[in-house]
S.K.: 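One structure coming up, written as structure tokens, with questions to follow.
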Amino acid sequence: QLQLVESGGGLVQPGGSLRLSCAITGFTLDYSLDYYAIGWFRQAPGREREGVACTSSNGFSTKYSDSVKGRFTISRDNAKNTVYLQMNSLKPEDTAVYYCAAMGARGSYYSLELNDYTYWGQGTQVTVSS
């Protein structure tokens with residue numbers, strides 16, 4: 001059973017940057033972070049939760065939603081058991097609660113689909129406003 005805790009959210013002006021962190025604990029002896037694909041999701045007021053970025057268990061592959069591609073970067077540091085979301089050129093429409101989530105590796109499979117993920121953090125608020 002994993003526990004995920006997001007941090008790094010806050011208020012930022014349009015065009016600014018934030019880096020979100022997802023600290024993950026609760027690994028078993030057999031399975032460390034490199035066993036899990038990790039995704040970042042967000043939910044804005046009145047909208048459905050959507051996938052933003054994800055990375056495969058080995059960290060070699062990434063996927064981004066069209067709305068953030070070229071602006072956001074997902075990365076992982078297995079030694080620190082932490083996954084990051086670097087957000088640049090932020091726009092007001094990026095305002096949302098951001099969640100990280102984990103799923104056990106299924107070979108090379110990874111996705112931006114919410115239902116593929118089993119373990120979720122509590123979310124961190126990102127507000128982009130002047």
Side-chain angles (χ1 to χ4, degrees):
Q1 186 79 15
L2 299 185
Q3 295 82 47
L4 293 80
V5 179
E6 303 94 336
S7 62
L11 176 64
V12 64
Q13 294 184 344
S17 298
L18 285 174
R19 189 178 75 161
L20 306 183
S21 298
C22 177
I24 307 175
T25 58
F27 298 107
T28 68
L29 186 63
D30 294 328
Y31 302 109
S32 56
L33 181 57
D34 61 2
Y35 176 76
Y36 299 93
I38 306 296
W40 283 97
F41 302 82
R42 68 185 182 186
Q43 187 166 18
R47 294 195 175 195
E48 299 292 324
R49 192 172 299 186
E50 63 175 343
V52 173
C54 60
T55 181
S56 59
S57 57
N58 61 21
F60 295 158
S61 299
T62 58
K63 185 179 299 183
Y64 300 92
S65 67
D66 290 339
S67 62
V68 308
K69 190 174 184 179
R71 300 188 297 120
F72 291 10
T73 303
I74 187 172
S75 62
R76 62 198 295 156
D77 187 333
N78 290 338
K80 297 181 179 179
N81 291 328
T82 302
V83 180
Y84 303 98
L85 184 67
Q86 179 67 47
M87 306 185 296
N88 299 326
S89 301
L90 284 163
K91 305 174 181 179
E93 52 262 43
D94 295 319
T95 296
V97 177
Y98 283 73
Y99 302 86
C100 62
M103 64 170 163
R106 304 181 227 163
S108 61
Y109 180 77
Y110 65 112
S111 79
L112 291 172
E113 297 186 11
L114 278 67
N115 291 337
D116 284 339
Y117 291 82
T118 302
Y119 308 101
W120 290 83
Q122 83 288 355
T124 185
Q125 177 71 48
V126 173
T127 302
V128 184
S129 176
S130 298

S.K.: In terms of side-chain heavy atoms, does T127 have a donor or acceptor partner in S129 at a distance below 3.5 Å?
M.R.: no

S.K.: In Å, rounded to the nearest 0.5 Å, how long is the span from OG1 of T118 to CD of Q1?
M.R.: 9.0 Å

S.K.: Is the shortest heavy-atom distance from the side chain of W40 to the side chain of F72 under 4.5 Å?
M.R.: no

S.K.: Y98 vs E6, test: side-chain contact (heavy atoms from CB on, under 4.5 Å). Steps then yes/no.
M.R.: CA-CA 8 Å; Y98 283 73; E6 303 94 336; over 6 Å; no

S.K.: How about D30: does its CG atom have over 12 heavy atoms from other parts shown lying under 6.0 Å from it?
M.R.: yes

S.K.: Going by heavy atoms in the side chains, are I38 and Y117 under 4.5 Å from each other?
M.R.: no

S.K.: Could you state whether L2 and Y110 fall into the same hydrophobic cluster, counting links through intermediate Ile, Leu, Val, Met, Phe, Trp or Tyr residues with side-chain heavy atoms under 4.5 angstrom apart?
M.R.: no

S.K.: Check whether any side-chain heavy atom of Q125 sits under 4.5 Å from a side-chain heavy atom of T95, and report yes or no.
M.R.: yes

S.K.: Under 3.5 Å, is there a donor-acceptor pair between the side chain of S56 and the main chain of S61?
M.R.: yes

S.K.: Looking at side-chain heavy atoms only, is the closest gap between V83 and I24 below 4.5 Å?
M.R.: yes

S.K.: Heavy atoms, side chains only, cut-off 4.5 Å: are L33 and R76 in contact?
M.R.: yes

S.K.: Give the intermediate values and the outcome of side-chain contact (heavy atoms from CB on, under 4.5 Å) for residues V12 and M87.
M.R.: CA-CA 11 Å; V12 64; M87 306 185 296; over 6 Å; no

S.K.: Drop me the distance from C54's SG to M103's CE, to the nearest 0.5 angstrom.
M.R.: 7.0 Å

S.K.: Can you find a heavy atom in the side chain of Y36 that is under 4.5 Å from one in the side chain of F27?
M.R.: yes

S.K.: Can you see which heavy atom on L18 is nearest to which on V126, and at what distance?
M.R.: CD1-CG1, 3.9 Å

S.K.: Working to the nearest 0.5 angstrom, can you tell me the gap between R19 CZ and S7 OG?
M.R.: 9.0 Å

S.K.: As a test of understanding, state which of E50, K91, R42 forms a side chain to side chain contact (heavy atoms under 4.5 Å, CB included) with V68.
M.R.: R42

S.K.: Which heavy atom in V97 sits nearest to a heavy atom in G123, and how many Å separate them?
M.R.: CG1-CA, 3.8 Å

S.K.: What's the shortest heavy-atom distance between Q3 and G26, and which atoms?
M.R.: OE1-CA, 3.6 Å

S.K.: Taking all non-hydrogen atoms of both residues, which atom of L112 and which atom of S65 are closest, and how far apart?
M.R.: CD1-N, 3.8 Å

S.K.: Quick check: do P92 and P14 have side-chain heavy atoms less than 4.5 Å from each other?
M.R.: yes

S.K.: To the nearest 0.5 Å, tell me how far L85 CG sits from C22 SG.
M.R.: 10.5 Å

S.K.: Might you point out which heavy atoms bring G51 and L114 nearest each other, and give the distance in Å?
M.R.: N-CD1, 4.1 Å

S.K.: Considering all heavy atoms of both residues, which atom of Y99 and which atom of G121 are nearest to each other, and what is their separation?
M.R.: CD2-O, 3.6 Å

S.K.: Checking the side chain of Y64 only, and the main-chain atoms of I74 only, is there a donor and an acceptor separated by less than 3.5 Å?
M.R.: yes

S.K.: How are the rings of W120 and F41 set to each other: parallel, tilted or perpendicular (split at 30° and 60°)?
M.R.: tilted

S.K.: Do Y84 and L4 share a hydrophobic cluster, counting only Ile, Leu, Val, Met, Phe, Trp and Tyr and linking them when any side-chain heavy atoms are less than 4.5 Å apart?
M.R.: no

